[in-house]
Amino acid sequence: MSAFAPVVLTRRRRSSLVAAVFVVLALPMATPALALEAEVRGLSGAAADNIVDILSDLEPESQATRERLDGVVRERAQKALQAYGYYGAALATTYAGETDVSVIIDVDPGERTHITQLDVGVRGDAEQDEAFDEALAANPLKVGDPLVHASYDSFKSRLSTLALERGYFNSRFRQQRIEVRPWEESARIFLDMDSGDRYRFGHVYFRGSQIDRERLHTMVPFAPNDPYLAGDLAVLSQNLGQTEWFRGVSVRPRINEDSQPPAPSVWWREATGRDTTLDPGQVLGGAGLQVARQITDSRPTIVPVDVELTPADRHQFEVGVGFATDVGPRTQFSWTMPWLNRYGHSLTNSFYLSAPEQRFSGEYSIPLENPLRDSYRVRYGLESVDNEDTESFESSVQVARHWEFANGWIQDLYWQTTYEDFTQADQDDAVLLLYPGISWSRTRKRNATFPSWGDKQQLTLEWSDPAWGSDARFVRTTFNSHWIRTLGTENRFVGRLGGGAMATNTFDKIPPSLRFFAGGDQSIRGYSYETLSPENDDGELLGGQHMLTGSLEYQRHLTGNFWSATFVDSGDAFDEWWPEELKTGAGLGVRWISPVGPIRFDIAHPFDDEEDSWRLHFSIGPEF
């Protein structure tokens, strides 16, 4: 049996086929229908614009006769006017064009309808809710105002949305109507919401987590029997996501469903060897559940919350490459383990490689009762530096107590142990330093890649003394302040102020890592990386006890992702409490917001260096 049946074309069939082909070929040549263009006279403002909008999708060719078209135009125009309180308007229409593609509507709006009675209220539990008090106080509808239906719809929608956000799931409007009396130019509005009982949170049930449930419960921003608030569920989801323990977080309230906890996930049983399934005799169901519901009808409705979690990959790797005139080509490899055990401990190791600096560093984090805010951190590292007149090999271990406050500030209280074998110019030593320190920092920005607004502050205090076995005595502080602001959409301002100071009577024992040097892409442009500091008699860099640097930069949008930059940098590293003079560089640059991050290219002139009249600076990455 053939898969295709033969088709026999008779003369009639041939004629029909030719006609069909002609029609098909002719279809693409059909003229598209034109929408009606409307002009309104005698009235301006929102009501007139509403007429034009409501007629913008009307195609004159869709109406068989002009009379039908005119009827549709008048009907739509009257509805557009009534939406703004004009219920007695008279219309006159004039059409132009061979196909009536445009119309002029002369409007005599008549007297406008005003609100003469307003009966708006809320009953039920919401009557005692401050959020509803605020919403009622912000009611845009006022007695004596012109009737605008959009204001009524918006206010009604606001009450409905607020009810859902705050757990009034049985809310309904007992009255929701507008009574319009055109002969009186009056409108009476009745809007009465009965919120019913407010739902309350029940228990939170976590599924799929590799982290102890007790630890997860510390991140729940509400307690059982607290009033339901949708925002709290968003905070819970955000909190869990910020731990970086999970690659998937799903938070779902069980509204009007059985409140028994879900069955444990297969993943949990396989990972722990424990089965947390409840004994069937312990679970209330069927007729017993119905009786319990009847007994508790007078109590607030409870909403259990189910949280589905998908563990993050236990090992995460990242490789980055870049280039900067300070250090030349550079690369970094990082290995992160966001969770090591059921307590949520984490470990990060990274290796950084450039011509003057090679560094291995790591951090072991131990979260405390509030994993997002409090933790212990053990930081360690090895670093080798060979730059200008500095040769150094440093190993360090730091134990810190870490706090993150709600206002965005981060505080670290730490004890650091550093062993550094160094040669700085004509000074050569190996020292063991033991010192406590405290630091505060905060970073805020909008748009992480190329911020339109942001600032960063950092302050550190450290103290070393031979009394506890350290090889050097010093008190040292550093500070940095960086800010970004924009004026309009075309002008961007970047400012930076930084510095440090150290009091010591054993400066020869201070390793290069704690001395101060200035110059470079992130310091004073126009000068090479860390080439500004006090010098010995042979002109070799010694490093300073103090440092002060500042920068002002103006950026102007050019086109697309390109910005121009004009800047001036100034500062120095020095030994006295104030420098005799500050080194200054200024220049021009270009910023390109590339797919891999902002790329900065600058040409800077150092004003006090005749041998080096200008210097190029190139770097990749955001300002901070």
Side-chain angles (χ1 to χ4, degrees), residues 356-363 377-401 411-441 458-480 498-519 523 529-549 571-579:
E357 300 176 7
Q358 302 82 46
R359 180 173 59 251
F360 169 77
S361 60
E363 179 180 88
R377 305 208 171 175
V378 179
R379 302 179 178 111
Y380 49 89
L382 300 172
E383 183 173 17
S384 176
V385 177
D386 186 356
N387 181 53
E388 298 292 340
D389 301 319
T390 302
E391 292 184 16
S392 169
F393 183 80
E394 173 192 355
S395 59
S396 63
V397 176
Q398 182 188 99
V399 179
R401 175 70 165 87
Q411 175 181 281
D412 276 355
L413 181 63
Y414 58 87
W415 177 272
Q416 178 143 335
T417 301
T418 297
Y419 177 80
E420 188 163 349
D421 187 352
F422 67 91
T423 298
Q424 183 65 52
D426 56 358
Q427 299 175 0
D428 189 350
D429 209 339
V431 294
L432 175 66
L433 301 178
L434 309 171
Y435 56 94
I438 186 169
S439 69
W440 298 272
S441 63
Q458 177 269 329
L459 174 65
T460 300
L461 298 172
E462 298 171 330
W463 178 27
S464 174
D465 198 283
W468 48 75
S470 185
D471 287 344
R473 178 182 288 111
F474 64 81
V475 176
R476 185 176 185 271
T477 182
T478 61
F479 73 92
N480 285 284
M502 177 167 47
T504 180
N505 57 6
T506 57
F507 185 72
D508 58 325
K509 292 286 188 181
I510 304 299
S513 62
L514 296 178
R515 300 186 187 190
F516 294 106
F517 300 85
S523 180
Y529 178 55
E530 294 190 349
T531 56
L532 298 179
S533 84
E535 300 174 350
N536 62 13
D537 294 337
D538 296 327
E540 297 174 317
L541 300 173
L542 292 174
Q545 296 187 48
H546 314 293
M547 183 181 68
L548 180 65
T549 62
D572 203 354
F574 43 91
D575 285 332
E576 302 301 327
W577 284 104
W578 190 255

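Every heavy atom of this structure was used, including side-chain atoms; hydrogens, water molecules and symmetry mates were not. Residue numbers count from 1 along this sequence.
Between Asp421 and Glu391, every side-chain heavy-atom pair lies at or beyond the 4.5 Å cut-off. Tyr414 places none of its side-chain heavy atoms less than 4.5 Å from the side chain of Arg377. Arg515 places none of its side-chain heavy atoms less than 4.5 Å from the side chain of Ser533. Side-chain contact check for Gln427 versus Asp429: every heavy-atom pair is 4.5 Å or farther apart. Side-chain contact between Tyr380 and Phe360: present, with at least one pair of heavy atoms (C-beta onward) separated by less than 4.5 Å. Side-chain contact between Val385 and Glu530 is absent, with no heavy-atom pair separated by less than 4.5 Å.
Formation of a donor-acceptor pair under 3.5 Å by the Asn387 side chain with backbone atoms of Pro356 is not found in this model. The main-chain N or O of Leu434 is found under 3.5 Å from a side-chain atom of Ser470 such that the two form a donor-acceptor pair. Remark: the backbone N or O of Thr417 is not paired with any side-chain donor or acceptor of Ser396 at under 3.5 angstrom. The backbone N or O of Ala472 lies less than 3.5 Å from no partner atom in the side chain of Thr506, so there is not a single donor-acceptor pair.
Partners of Ala425 by side-chain contact (heavy atoms from CB on, under 4.5 Å), not counting sequence neighbours, listed by chain and number: Asn536, Glu540, Leu542. Scored by the ring pair (Phe, Tyr, Trp, His ring centres under 6.0 Å) test, Phe474 finds Tyr435 as partners (sequence neighbours excluded). Every ring pair (Phe, Tyr, Trp, His ring centres under 6.0 Å) that Trp463 has, sequence neighbours left out, goes to Trp468. Residues that satisfy the ring pair (Phe, Tyr, Trp, His ring centres under 6.0 Å) test with Trp578, not counting sequence neighbours, are absent from this structure. For Phe479, the side-chain contact (heavy atoms from CB on, under 4.5 Å) partners are Leu459, Leu497, Leu548, not counting sequence neighbours.
Phe393 and Ser384 make their closest contact through CD1-CB, 4.1 Å (heavy atoms, listed as atom of the first residue, atom of the second, distance). Between Phe516 and Met547, the shortest heavy-atom distance links the atoms CB-CB, 3.7 Å. Closest approach of Phe507 and Gly543 over heavy atoms only: CZ-O, 3.6 Å. When all heavy atoms of Leu514 and Met502 are compared, the pair lying nearest together is O-CE, 3.8 Å. In this structure, Asp389 and Leu541 approach most closely via the heavy-atom pair OD2-N, 2.7 Å. Pairing each heavy atom of Asn480 with each of Gly498, the nearest pair is OD1-CA, 3.5 Å.
Counted by atom type alone, Ser392 and Glu394 present zero donor-acceptor pairs between their side chains at under 3.5 Å. Side chain to side chain, Thr504 and Gln545 fail the donor-acceptor criterion of an N or O pair below 3.5 Å.
Leu532 contributes atom CG, which lies 11.0 Å from atom CZ of Phe517 (distance to the nearest 0.5 angstrom). Here Arg379 contributes atom CZ and Ser361 contributes atom OG; the two are 10.5 Å apart, rounded to the nearest 0.5 Å.
The environment of Asn505 atom CG is dense: over 12 non-hydrogen atoms of other residues, nucleotides or ligands sit within 6.0 angstrom.
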Query raised in the report: Under the side-chain contact (heavy atoms from CB on, under 4.5 Å) criterion, do Gln358 and Leu382 qualify, and how do the steps go?
Result: CA-CA 8 Å; Gln358 302 82 46; Leu382 300 172; over 6 Å; no
Requested in this report: Give the C-alpha distance, both sets of side-chain angles, the deciding distance and a yes or no for side-chain hydrogen bond (donor to acceptor under 3.5 Å, both in side chains) between Thr418 and Glu420.
Outcome: CA-CA 6 Å; Thr418 297; Glu420 188 163 349; over 6 Å; no
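The salt bridge (Lys or Arg N to Asp or Glu O under 4.0 Å) pairs that include a residue from residues 459-480 are Glu462-Arg476, Asp465-Arg473, where partners are two or more places apart or lie in different chains.
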